Amino acid sequence: MSNEYGSKAPLSYNKYLRVQDLIGLQDCLSDPAHHDELLFITIHQTYELWFKQILHELDAAIEQMSADRPAQAARTLRRVVEIEKVLVSQIHILETMTPISFLGFRDELNPASGFQSMQFREIEISSGLKDEKVLHEFREDEFALKRLEARLAAPSLSEAFYALLGRRGLDAPADVAGLAAEEQRKNYGRRTRAVLEILTHFEERYEEFQLAESLIEHDEYFTLWRAHHIAMVERMVGTKPGTGGSEGVGYLRTTLRKKFFPELWEARTYLDTKHGAAGCPFAGKV
Ligand code: HEM
């Protein structure tokens, strides 16, 4: 009996999952191979597989929001958050490697760095951080450039979320890119007020509330990953410059300020029990 894999033998676990190919993909550069290099490669490849899955889910969540299915999108994002919890805890496996052991093969990696993770940048872009400057790092990588450019041009989670709120009667501009700074600031303020409305009337707007909570959790866990990665990097190499050419931990700390959905966080600052029947006491200030 032949199957879709072109073999006469019945399908097996190893064939379906292409285990032979998979376990042949870890090429150590150190020679003789350093014991800990396999862990280093395995961890990074595992991250890239989870990044692929996250992108698959983010694309689905964006589509579900665009089709006015906020409950389904919130469920999809719950999966993303559960994966991110694994990603945060996984970073600590690397800490079983001693700093001196890591230095035993670190030089072989130069100038490669996680800084060049295409899928990591794709997640940032599709979540809402549409920064064209990231393209520079990939200028000689046509495959990565095409994917990143396509994501920059497509709606992000953030844009899809505010477009959905707009269709549900809230004043929340979806597109703020390309506007003059003052106009952009006003639009961010309108978005923040729309979020305030949801947080205040979360029972009446439960679907939007659930979705907003899933989005902020995605943002939170991504930042937690950044924080754990920084602590691990400092424990491993102190403040040495990175293999990717950055200042290392000093640079990484600046990325903690990045937020996918700044309005969701900012709204908490303005939230007040006086919200409600009397309207937003901060109208005009946010
Ligand atoms: C011993 C382990 C590791 C060390 C010492 C390390 C070190 C660094 C350093 C110094 C940077 C700054 C960029 C540069 O290279 O100059 C960086 C960036 C980065 N690393 Fe790691 N890293 C490690 C493991 C990992 C792992 C397991 C991942 C998982 C994918 C990862 C993903 C990233 C990403 C995505 C960035 C870019 C962050 C950003 O620009 O926001 N790193 N890493």
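In this text, all values refer to a predicted model and were calculated from it rather than measured experimentally. Residue numbers count from 1 along this sequence.
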Counting only N and O atoms by type, is there a donor-acceptor contact under 3.5 Å from the side chain of Thr192 to the main-chain atoms of Glu266? no

How far does CD1 of Ile62 sit from OG of Ser158, to the nearest 0.5 angstrom? 10.0 Å

Could you please spell out the steps behind the side chain to side chain donor-acceptor pair (under 3.5 Å) verdict for Gln26 and Thr42? CA-CA 7 Å; Gln26 295 70 41; Thr42 303; 5.6 Å; no

What verdict does the salt bridge (charged side-chain N to carboxylate O under 4.0 Å, His left out) test give for Glu247 and Lys240, after you've listed the backbone C-alpha separation in whole Å, the side-chain angles of each residue and the deciding distance to 0.1 Å? CA-CA 7 Å; Glu247 152 197 10; Lys240 285 191 179 80; over 6 Å; no

What residues, two or more places apart in sequence or in another chain, satisfy ring pair (Phe, Tyr, Trp, His ring centres under 6.0 Å) together with Tyr206? none

For the atom pair CG (Leu170) and CD1 (Ile198), what is the distance rounded to the nearest 0.5 Å? 5.5 Å

Restricting to ring pair (Phe, Tyr, Trp, His ring centres under 6.0 Å), what partner residues turn up for Phe102, sequence neighbours left out? Phe40, Phe105

Asp31 side chain vs Ala33 backbone, donor-acceptor pair below 3.5 Å: no

Less than 4.5 Å apart, side chain to side chain, heavy atoms only: is that true for Leu87 and Ile54? yes

For Tyr162, check ring pair (Phe, Tyr, Trp, His ring centres under 6.0 Å) against everything at least two apart and list the hits. none

Less than 4.5 Å apart, any side-chain heavy atom of Glu149 and any of Glu132? no

Quick one: does Lys186's side chain get under 4.5 Å of Leu179's, heavy atoms only? no

N-O pairing of Arg121 and Glu137 below 4.0 Å: no

Working note: Phe115 + Tyr251, criterion ring pair (Phe, Tyr, Trp, His ring centres under 6.0 Å); need CA distance, chi angles, decisive distance, verdict. CA-CA 11 Å; Phe115 199 61; Tyr251 155 72; 5.4 Å; yes

Could you tell me how the ring of His228 sits relative to the ring of His92: parallel (under 30°), tilted (30 to 60°) or perpendicular (over 60°)? perpendicular

Using 30° and 60° as the class limits, which term best fits the ring planes of His218 and Phe222: parallel, tilted or perpendicular? perpendicular

Pair Glu82 + Arg79, salt bridge at N-O below 4.0 Å: no

My understanding is that only one of Lys259, Lys130, Lys258 makes a salt bridge (Lys or Arg N to Asp or Glu O under 4.0 Å) with Glu124; could you say which? Lys258

Do Gln20 and Lys15 have side chains that approach each other closer than 4.5 Å (heavy atoms only, starting at C-beta)? no

Give a yes or no on whether Arg235 atom CZ has more than 12 heavy-atom contacts from other residues, nucleotides or ligands under 6.0 Å away. no

Do the side chains of Asp68 and Arg167 get close enough for a salt bridge, i.e. N-O under 4.0 angstrom? yes

Heavy-atom side-chain proximity of Leu58 to Ser127 below 4.5 angstrom: yes

Do the side chains of Val233 and Ile41 join up, straight or via other hydrophobic residues, at under 4.5 Å, putting them in one cluster? no

Answer yes or no: is there a side-chain heavy-atom contact under 4.5 Å between Leu157 and Leu77? yes

State whether Lys52 and Glu48 are salt-bridged, where the test is any N-O pair (Lys NZ or Arg NE/NH1/NH2 against Asp/Glu carboxylate O) under 4.0 Å. no

Could you state the interatomic distance from CE (Met118) to CD1 (Ile123), rounded to the nearest 0.5 Å? 10.5 Å

Do Gln72 side-chain atoms and Arg69 backbone N/O form a donor-acceptor pair below 3.5 Å? no

Within the 4.5 Å heavy-atom criterion, are Phe261 and Val195 side-chain neighbours or not? no

Does Arg151 form a side chain to side chain contact (heavy atoms under 4.5 Å, CB included) with Leu55? I'd like the steps, not just the answer. CA-CA 11 Å; Arg151 289 204 174 268; Leu55 287 166; 3.7 Å; yes

Going from CG on Leu129 to CG on Asp219, what distance comes out if it is rounded to the nearest 0.5 angstrom? 8.0 Å

Can you tell me how far CG of Asn110 sits from OG1 of Thr243, rounded to the nearest 0.5 angstrom? 6.0 Å

Should the pair Arg75-Glu57 be classified as a salt bridge under the 4.0 Å nitrogen-to-oxygen rule? no

d(Glu159 CD, Leu164 CG) to nearest 0.5 Å is 13.5 Å

In the structure I gave you, are the side-chain heavy atoms of Pro70 and Met65 within less than 4.5 Å of one another anywhere? no

Compute the ring centroids of Trp265 and Phe260, then answer whether they are less than 6.0 Å apart. no

